[in-house]
2 protein chains.
Amino acid sequence: MSNARLTPLAASLPSTVPFTGPEELERRRGAPFTARLGANENGFGPSPLALAAMQDANGGIWQYGDPTSHDLRRALAAHWGCEAGHIVVGGGIDGLLCDLVRLTVTAGDNIVTSLGAYPTFNYHVAGFGGQIHTVPYRNDGEDLPALIAKAAETDAKLIYFANPDNPMGSYVPGTEIAAALDALPQGTLLVLDEAYGELAPEDALTGLPMDDPRLIRMRTFSKGYGMAGARIGYAMGHPDLITAFDKVRNHFGLNRAAQAGALAALADTDWLCHIRAEVATSRAALARIGAAHGLTALPSATNFVALDTHRDGTFARALVAGFAAEGIFIRMPFVAPQDRCIRVSCGPARDMALFEEALPRALAHAEASLTATA
Amino acid sequence: MSNARLTPLAASLPSTVPFTGPEELERRRGAPFTARLGANENGFGPSPLALAAMQDANGGIWQYGDPTSHDLRRALAAHWGCEAGHIVVGGGIDGLLCDLVRLTVTAGDNIVTSLGAYPTFNYHVAGFGGQIHTVPYRNDGEDLPALIAKAAETDAKLIYFANPDNPMGSYVPGTEIAAALDALPQGTLLVLDEAYGELAPEDALTGLPMDDPRLIRMRTFSKGYGMAGARIGYAMGHPDLITAFDKVRNHFGLNRAAQAGALAALADTDWLCHIRAEVATSRAALARIGAAHGLTALPSATNFVALDTHRDGTFARALVAGFAAEGIFIRMPFVAPQDRCIRVSCGPARDMALFEEALPRALAHAEASLTATA
């Protein structure tokens with residue numbers, strides 16, 4: 001036993017990881033994956049200008065990054081037509097969610113999320129002693145009115161709502177969310193995770209205010225901008241709330257090259273257009289490949305596609321294992337009935353071809369493993 | 001006002017930054033610094049092999065980093081002759097301190113540190129509601145027996161002890177620290193911040209156990225390895241405590257290129273030897289330059305030198321401002337009597353020449369500003 005006396009809360013927490021990373025899965029199987037389509041990474045990669053900016057910034061990597069992310073926040077403010085004071089930059093949405101939960105949630109406080117939504121948010125809430133209340137998906141989408149009703153019922157401090165949604169890929173028009181703000185209980189903050197925002201149809205994000213006191217919006221350079229490994233994202237909201245992040249955030253925690261890369265990525269709108277086109281092509285490919293084998297693609301506003309197996313979670317899990325056996329990393333929703341689907345990230349044509357080649361074998365693997373255990 | 005209901009603790013915290021970064025100081029003065037010698041960054045830069053590894057890793061920056069830092073932890077274990085289970089990798093010592101404080105400190109818990117020691121540790125403790133108890137420096141060094149006595153008096157959960165020390169540059173032999181472990185109160189963890197360890201005399205670090213339940217040691221790639229902007233460091237200790245980090249850490253929070261860079265930096269022992277030699281040369285230069293103008297260099301086990309002005313904090317502050325007016329960024333200790341010194345980072349010959357050129361003018365500036373306000 002260590003001499004460290006953990007807090008009662010820390011002592012009660014499991015030493016678990018919300019997700020097992022693909023590298024760990026590769027080590028377990030003793031071989032690398034041939035296609036990495038499980039973490040909704042963007043295999044089309046970052047803008048060449050962003051890459052060049054990161055390479056260039058590495059020449060000054062002996063220096064700490066600017067703790068205020070001054071230049072990036074100003075560029076983001078110009079991009080969004082708001083003030084820099086409406087924006088805080090952090091280590092991806094995961095890091096920003098941690099800071100937000102720390103600011104608002106203490107033992108016994110309630111939050112509301114969808115059953116089967118982003119586990120890392122729940123990890124942070126549990127990590128600060130919060131109580132998680134869930135609402136089921138409705139028609140494979142997050143159910144905002146039900147989330148709001150549950151928040152009223154539980155006096156929730158936060159509602160987590162991903163738009164577009166992960167893992168199902170669905171979305172709600174921004175105007176619908178904006179209209180719902182008036183229905184929010186007093187003292188409930190709507191946390192809008194827009195990780196996939198850059199890949200969504202335009203109406204998913206229009207009509208949303210930048211500094212409404214009832215809303216905080218989170219964005220990342222991990223998905224549309226293809227910089228997941230750089231770990232940089234931002235939150236936009238009311239200046240009072242944004243300023244509060246300075247109470248707890250790790251001010252010097254941001255990688256210097258990531259800041260430079262984000263700045264360049266934001267400016268390269270041509271590349272983002274290119275990515276959107278590539279992702280649309282890949283979504284169509286996944287739908288076509290799935291359909292040829294009886295799997296139905298759900299509509300996706302993201303860089304991944306939920307493919308409905310028309311079976312159950314047991315089958316989908318066996319199918320994910322079948323893909324792993326074929327060297328292809330994918331994931332799937334956690335809870336029923338969404339766990340009847342597998343979730344496959346978009347990727348370059350090479351990855352789509354590997355997926356197509358593996359699908360019939362993975363299906364056979366799944367059928368065989370179920371027969372064996374029946 | 002935002003709809004967010006902050007926790008009582010969060011509401012009580014100031015939105016302050018432990019340090020103002022040099023970029024912000026540059027914006028305020030309207031011009032960049034010509035020499036950046038205030039943050040103990042390593043201007044000699046990282047190993048070319050580490051730089052190449054980061055550039056190479058950027059090609060895969062669209063992928064999240066390995067959340068277990070498997071390869072780096074194994075390389076560190078081999079380097080230290082311990083098990084990977086004794087090591088956790090994090091976003092620099094700042095990030096690791098935050099996680100450690102979160103694991104151990106809750107409202108009303110006590111910690112002990114030296115008066116004038118690292119403010120970011122205090123920031124984290126305050127951020128989790130802890131009570132900070134301080135012990136003054138003795139002979140410009142941290143006073144381990146007094147820290148231990150204060151811990152016994154206050155039933156402290158943590159003692160923060162930097163070895164070598166920042167901001168004074170002094171150090172205590174590792175064997176002395178190891179011998180002091182038996183004097184630690186039951187339930188007090190000694191947090192050894194060895195940020196400058198790679199630059200210290202060998203006896204600063206010898207004789208220290210890797211997995212003693214009473215000790216956690218923290219290291220970084222920011223200083224000796226010249227990768228401050230990459231944000232990567234690690235902690236070593238008893239496996240029970242190391243595993244506990246998995247309860248709260250941001251598992252996918254590490255930059256992928258930083259992990260690759262750290263792995264390469266660790267292997268390039270020649271470069272670290274080169275850095276140690278360059279730093280020794282620079283320390284001697286700072287001592288010589290200071291002496292020529294009546295400032296006395298304190299012995300330094302780090303990549304910075306505390307130069308004693310033989311005056312008081314008011315004069316030293318004016319001198320820091322004088323250097324800023326000359327375009328040179330330095331810092332100084334926070335509290336008396338250590339604040340009679342200025343703290344200057346080591347750097348390449350060009351930076352030393354700029355410092356030498358600026359010193360007489362900065363001194364004149366300081367004298368003039370004090371006369372003006374007298």
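- Most heavy-atom pairs under 4.5 Å with chain B, from the set A:L184, A:L190, A:T188: that is A:T188.
- Using a 4.5 Å cut-off between heavy atoms, B:A50 makes no contact with chain A at all.
- The minimum heavy-atom distance linking A:A228 with B:W62 is given by the pair CB-O, 3.4 Å.
- Top candidate by heavy-atom pairs under 4.5 Å with chain B, chosen from A:G43, A:P67, A:P8, is A:G43.
- Across A:T7, A:T104, A:D246, the residue that shares the most heavy-atom pairs under 4.5 angstrom with chain B is A:T7.
- Remark: side-chain polar atoms of B:R102 are paired, donor with acceptor, to backbone N or O of A:G127 under 3.5 angstrom.
- Listed for the B:K157 side chain is a donor-acceptor partner under 3.5 Å among the backbone atoms of A:R5.
- Atom NZ of B:K247 sits about 10.0 Å away from atom OH of A:Y123, to the nearest 0.5 Å.
- Counting heavy-atom pairs closer than 4.5 Å to chain B, the top-ranked of the candidates A:G253, A:A244, A:G60 is A:G253.
- Here the side chain of A:E41 pairs no donor or acceptor atom with the backbone of B:Q63 at under 3.5 angstrom.
- With a threshold of 4.5 angstrom between heavy atoms, B:A156 approaches chain A through N, CA, C or O but not through any side-chain atom.
- Across B:L189, B:L13, B:I61, the residue that shares the most heavy-atom pairs under 4.5 angstrom with chain A is B:I61.
- Checking side-chain atoms of A:D66 against main-chain N and O of B:E23 turns up no donor-acceptor pair under 3.5 Å.
- Using a 4.5 Å cut-off between heavy atoms, B:T106 contacts chain A through both its backbone and its side chain.
- Between the OG1 atom in A:T120 and the CG atom in B:N250 there is a gap of 8.0 Å [rounded to 0.5 Å].
- Both the backbone and the side chain of B:N58 come within less than 4.5 Å of a heavy atom of chain A.
- Each of B:F221, B:F128, B:F44 has some count of heavy-atom pairs under 4.5 Å with chain A, and the biggest count is that of B:F128.
- For A:D94, the parts lying under 4.5 angstrom from a heavy atom of chain B are both the backbone and the side chain.
- Heavy-atom distances place no part of B:P48 under 4.5 Å from chain A, backbone and side chain included.
- Per-residue heavy-atom pair counts under 4.5 Å with chain B were compared for A:M227, A:H70, A:R214, and the maximum is reached by A:H70.
- Remark: B:M54 CE to A:Q55 CD distance equals 10.0 Å, nearest 0.5 Å.
- The shortest side-chain heavy-atom distance between B:S222 and A:Y64 falls under the 4.5 Å cut-off.
- A:L103 CG to B:L9 CG: the interatomic distance, rounded to the nearest 0.5 Å, is 9.5 Å.
- Between the A:N255 side chain and the B:A230 main chain, a donor and an acceptor come within less than 3.5 Å of each other.
- The closest donor-acceptor contact from the side chain of B:R231 to the backbone of A:F252 lies under 3.5 Å.
- Atom CG of B:L6 sits about 7.0 Å away from atom CG of A:L241, to the nearest 0.5 Å.
- Both the backbone and the side chain of A:T243 come within less than 4.5 Å of a heavy atom of chain B.
- Contacts of A:A126 with chain B are absent, with no heavy-atom separation under 4.5 Å from either backbone or side chain.
- One distance of note links OG of B:S15 with CD1 of A:I242; it measures 11.5 Å at 0.5 Å rounding.
- Here A:R36 is the residue among A:Q259, A:R256, A:R36, A:E24 with the most heavy-atom pairs under 4.5 Å with chain B.
- Using a 4.5 Å cut-off between heavy atoms, A:D155 touches chain B through backbone and side chain atoms alike.
- Proximity of A:R27 to B:T68: side-chain heavy atoms (C-beta onward) are separated by under 4.5 Å at one or more points.
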